[in-house]
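Below: one structure, written as structure tokens.
Below, each value reflects all heavy atoms present in this structure, side chains not excepted, and no hydrogens, waters or symmetry copies. Numbers restart at 1 for each chain; the letters A, B, ... are given by sequence-line order, proteins then strands.
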Protein chains: 2
Amino acid sequence: MRYDKNWENLYFPDFSPFAALDPQRGIMLMSADMFAPDGTFPKEVKDAIHRAVDEDQLHYPSNAVREEFRAEVAKKLREFNNIHLDDKTKLLIVPGSAFGLFLSIRTLINPNSGDEVINFTPTFAENMNDVTMMGAKNVFCPLHEENGYQIDVDELETYITPRTKCIIVTHPANPIGTVYPRETLEKLAALLKKHDIFAVVDQVFERCVYDGREYTTFASLPEMAQRTLTVFGPSKELRLSGLRIGYVTGPAELIDKMEVATDNYVGLPNPLSLVACTEAYRHLEYTEQWLAILENRRNVAREILNDIPNVSCPLPPAGFSFWLDVRKLGKSDEIVEYLVKEAQVGVGPGTWFGINCEGFLRVMFACYRDDETVYEACRRIAVALKKYQGIA
Amino acid sequence: MRYDKNWENLYFPDFSPFAALDPQRGIMLMSADMFAPDGTFPKEVKDAIHRAVDEDQLHYPSNAVREEFRAEVAKKLREFNNIHLDDKTKLLIVPGSAFGLFLSIRTLINPNSGDEVINFTPTFAENMNDVTMMGAKNVFCPLHEENGYQIDVDELETYITPRTKCIIVTHPANPIGTVYPRETLEKLAALLKKHDIFAVVDQVFERCVYDGREYTTFASLPEMAQRTLTVFGPSKELRLSGLRIGYVTGPAELIDKMEVATDNYVGLPNPLSLVACTEAYRHLEYTEQWLAILENRRNVAREILNDIPNVSCPLPPAGFSFWLDVRKLGKSDEIVEYLVKEAQVGVGPGTWFGINCEGFLRVMFACYRDDETVYEACRRIAVALKKYQGIA
């Protein structure tokens, strides 16, 4: 059958071991939804959707609904990101940050033309596929455990060629949770200027930063607003992943093109999603409460996992997941399969996240409303991985 | 700024004349939403969304929610379309038929490789842009007024080259509302087999067919299920355009690839949209009521427009719009601008819909809940177009 050959190369993980999880006992530490599957949502957000349904807002969203959302986002960009919308820097609303990320990468590359895109690994699998789908080349720049998965800008430069069109920066990094200091981002900015390259920065985890760390929005650095497409989304910070809303900021010239393309790719956003997200941005006190719960949970759960002999669990500076080092025990897939059978716990194999990820596991700690469910899963992992090593 | 040069060629209509519409008096016969902006939605559909919100279904949709929607769609495909899902023919749920259409075209072409896609004109503007965005070539096969905008398969064959990858068939056609008889579709099927070409068939208006006409789903013809990607959506028939749900059927080999691509492009569908559409498919009595209203409205409004000297308004066999022939009066853009100023009515210039469309207007009659608003707009158009010609 004749279809685009680029699609032969898409990466799609095989989820088969998880079918063996017992629906009663099994715990999936896999969800990228905070508190899914059993969390409740803020009354204000739910009320906003109820109101919109009562008002029959099931047609294409009105200008008023879109403008209200844009106003909340513009305020948030000003106050949190130090990004100021004007004639030169514009905002595009998209149906989910995944689409925003695809569209941003897509905009900067010419399909099937030998363009290269640099991805740091470990990386988010979609980042690789977004490049592959367009017949561009993924160039992988590894982040090294020994320097805390920080970007080494000098090493990064060795991966740049005349064909490099953009560098994808997931910040905080996913799944490893690295937060990049301003100094690193300034070095990166200088590198982009030197080689005339764009950055696509994915900031969906920007508020999920722990221990009071400083967080710098790359596009707020001098001259970087005109050299960066930044992808944001309320999925993580507002816990509204199912509603498929995201937004992108960048140079007006690119955002204008991306707006026309978005009309063609996907049309207008969902009006119920817009009103829900607008209301959620007015109640960031919930976000603060959730992140306090997660920060504490991270500390407790990490102690359990880091206590396993021959296993190391660094404390993630941000995000929803641990990056568990089980290299001394075996391969990612084997350990994942063992944990499903032995502990009835589902976690992700590191190999989902690119090169230099063999022997790691992604363990999501943001799922389930109740801390204890996550702790129970971590205790089961600990017991199982001791048994795996023949330790009583 | 360096972005994909294909995007220079995207077509985006200039809406400027409509700013002159008076918010009080102005009537926009432009909406592709049935009864927008002032219609109400069925209680059952609204209740389904309220229930889902109360049950906190704002995370990624559960398997159960997705399976319920798939089951309703499978039943509808069997009963209405004579498409039977099995190992060879699969279903993909997508966030809106616009994305389904893009994805289907995208799947069949290799970007920037000289591939050609045949589009009948008048056409839906997105069809052209979906091809342009990928650096493929739009080949336009005009449909002729003198044979009722039917497909002439012999003429179509003259546009086929070794580079032709697919033919886009909007059925019923948009904006002209043509319904193709089974005999034409059978000739088309034979042509596709002869040249080993795929069809992408957009059926979003499949239920909006008037006068008891027979409607044939192209993919239900012998061997065509394996040579067709068919795009469906509840936007028109269920009046749920804002909810951004669509679905695509086609050969398993293609649908499997498209599913991986969809995960990367846009992620999972919105859970509230899924429950609303599931419920709406259980209440097709509303669709029947709406279409009866529209059929009657079409008859009455058409009389008003067809009565204008030197203007012709054929009765559309399907769809939401009239294709008003004002060629004897002037150019599309001039007449649109005149109608805004003189009649305070907004309609679409034919030139939005491709080649051979100059001198036509698209007049949507499906908007507004109240028939009288549409009749009033048509009467104003009639008065204005007489005045334009100096007729008292």
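- Residue A:M258 touches chain B through both its backbone and its side chain, counting heavy-atom pairs closer than 4.5 Å.
- Top candidate by heavy-atom pairs under 4.5 Å with chain A, chosen from B:P269, B:P111, B:C166, is B:P111.
- Relative ring orientation between A:F102 and B:Y265 is described as perpendicular, the plane-to-plane angle rising above 60° on a 0-90° scale split at 30° and 60°.
- The local environment of NZ in A:K137 is sparse, with at most 12 non-hydrogen atoms from other residues, nucleotides or ligands closer than 6.0 Å.
- When heavy atoms are compared at a cutoff of 4.5 Å, B:S113 approaches chain A solely by way of its side chain, counted from C-beta outward.
- When each of B:V53, B:L58, B:L103 is checked for heavy-atom pairs under 4.5 Å with chain A, B:L58 comes out on top.
- In terms of heavy-atom pairs under 4.5 angstrom with chain B, the leader among A:A98, A:A32, A:S31, A:A36 is A:A36.
- Under a 3.5 Å cut-off, the side chain of A:N112 and the backbone N or O of B:N112 do not form any donor-acceptor pair.
- Minimum heavy-atom separation, B:N270 to A:S273: ND2-OG, 3.0 Å.
- Between B:F41 and A:H59, the ring center distance clears the sub-6.0 Å criterion.
- Options A:V260, A:L272, A:L108 differ in how many heavy-atom pairs under 4.5 Å they form with chain B, and the most are formed by A:V260.
- Residue A:N127 does not touch chain B at all, counting heavy-atom pairs closer than 4.5 Å.
- Minimum interatomic distance between A:K46 and B:D54 (heavy atoms only, all atoms of both residues): NZ-O, 3.6 Å.
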Let's go through B:L10 and A:K257 carefully: what are the C-alpha distance in whole Å and the side-chain angles of both, what is the deciding distance for side chain to side chain contact (heavy atoms under 4.5 Å, CB included) to 0.1 Å, and is it a yes or a no?
CA-CA 9 Å; B:L10 286 182; A:K257 299 281 173 207; over 6 Å; no

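- For a residue to count as touching a neighbouring chain, one of its non-hydrogen atoms must lie under 4.5 Å from one of that chain's; by this rule A:S97 does not touch chain B.
- Only the side chain of A:N6 has a heavy atom closer than 4.5 Å to any heavy atom of chain B.
- Only the side chain of A:I49 comes within less than 4.5 Å of a heavy atom in chain B; its backbone stays farther off.
- Contacts between A:F99 and chain B at a heavy-atom distance below 4.5 Å involve backbone atoms as well as side-chain atoms.
- With a 4.5 Å cut-off on non-hydrogen atoms, B:L240 touches chain A through its backbone and its side chain both.
- With a 4.5 Å cut-off on non-hydrogen atoms, A:D263 touches chain B through its backbone and its side chain both.
- Considering every non-hydrogen atom in both B:R244 and A:V266, the closest pair reads NH2-O, 3.0 Å.
- Heavy atoms of A:I109 lying under 4.5 Å from chain B belong exclusively to its backbone.
- Note that CG of B:L254 and CH2 of A:W7 are 9.0 Å apart. Values are rounded to the nearest 0.5 Å.
- Considering only heavy-atom pairs separated by less than 4.5 Å from chain B, the leading option among A:T132, A:D196, A:D38 is A:D196.
- Of all the heavy atoms in A:G242 and B:P271, the pair that sits closest is O-CD, 3.1 Å.
- When each of B:M133, B:H50, B:R239, B:K5 is checked for heavy-atom pairs under 4.5 Å with chain A, B:H50 comes out on top.
- A salt bridge is defined here as a Lys NZ or Arg NE, NH1 or NH2 lying under 4.0 Å from an Asp or Glu carboxylate O, and A:R106 with B:D4 meets this definition.
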